[in-house]
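Heads up: the structure comes next, in structure tokens.
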Amino acid sequence: MLQPRIPVNPLPTGKPIPLPQSTSDVEPAAPAPAPVVPARTTVQLTPGSALALAAGGGAVVLVVGTVLVSMLLAVAITGVSVAVIAVVLRLLVRDM
């Protein structure tokens, strides 16, 4: 039923060929019943758990921010070091 039917035309004539119509008298199968989804349990937050959740989220933001800032500082320090080395090497090569 879901397989494509592609007409084969060994000698093109420029005329469209109609697709053959299905002549089967088979009735379509009844749809399968939908699966039963179990009821979801609701999560109830108490004021204490909400406060703990907010504190945990804040701690995660601070840790991620600290890591990103330290990576940025590492790149900046490396860039400055490479620039100083380039200046020193230029002075050494010019004096030769």
Side-chain angles (χ1 to χ4, degrees):
M1 181 174 97
L2 298 176
Q3 295 176 349
R5 295 188 178 121
I6 301 172
V8 178
N9 192 359
L11 299 172
T13 59
K15 296 179 185 177
I17 301 173
L19 292 175
Q21 297 296 326
S22 175
T23 59
S24 64
D25 293 332
V26 177
E27 293 183 14
V36 178
V37 179
R40 295 181 183 223
T41 59
T42 57
V43 177
Q44 296 180 357
L45 293 177
T46 62
S49 63
L51 184 63
L53 187 64
V60 167
V61 168
L62 287 177
V63 168
V64 170
T66 303
V67 169
L68 292 177
V69 167
S70 63
M71 289 171 62
L72 179 65
L73 284 173
V75 170
I77 290 171
T78 304
V80 170
S81 300
V82 169
V84 168
I85 290 172
V87 169
V88 169
L89 285 177
R90 193 176 99 186
L91 289 173
L92 288 175
V93 170
R94 192 179 68 180
D95 287 341
M96 286 183 159

Show me the donor-acceptor pairs, under 3.5 Å and distance only, between side chains in residues 75-96 and residues at least two apart or in other chains.
| unit_1 | atom_1 | unit_2 | atom_2 | d |
| --- | --- | --- | --- | --- |
| Thr78 | OG1 | Ala74 | O | 2.7 |
| Ser81 | OG | Ile77 | O | 2.9 |

Side-chain polar contacts of residues 50-59 - donor-acceptor pairs under 3.5 angstrom, sequence neighbours left out - could you list them?
none

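- Val60 pairs by the side chain to side chain contact (heavy atoms under 4.5 Å, CB included) definition with Val64, not counting sequence neighbours.
- Identified under the side-chain hydrogen bond (donor to acceptor under 3.5 Å, both in side chains) test for residues 47-70, with sequence neighbours left out: Thr46-Ser49.
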Residues 31-38 side chain polar contacts: donor-acceptor under 3.5 Å, at least two apart:
none

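- In this view, Thr41 satisfies the side-chain hydrogen bond (donor to acceptor under 3.5 Å, both in side chains) rule with no residue, not counting sequence neighbours.
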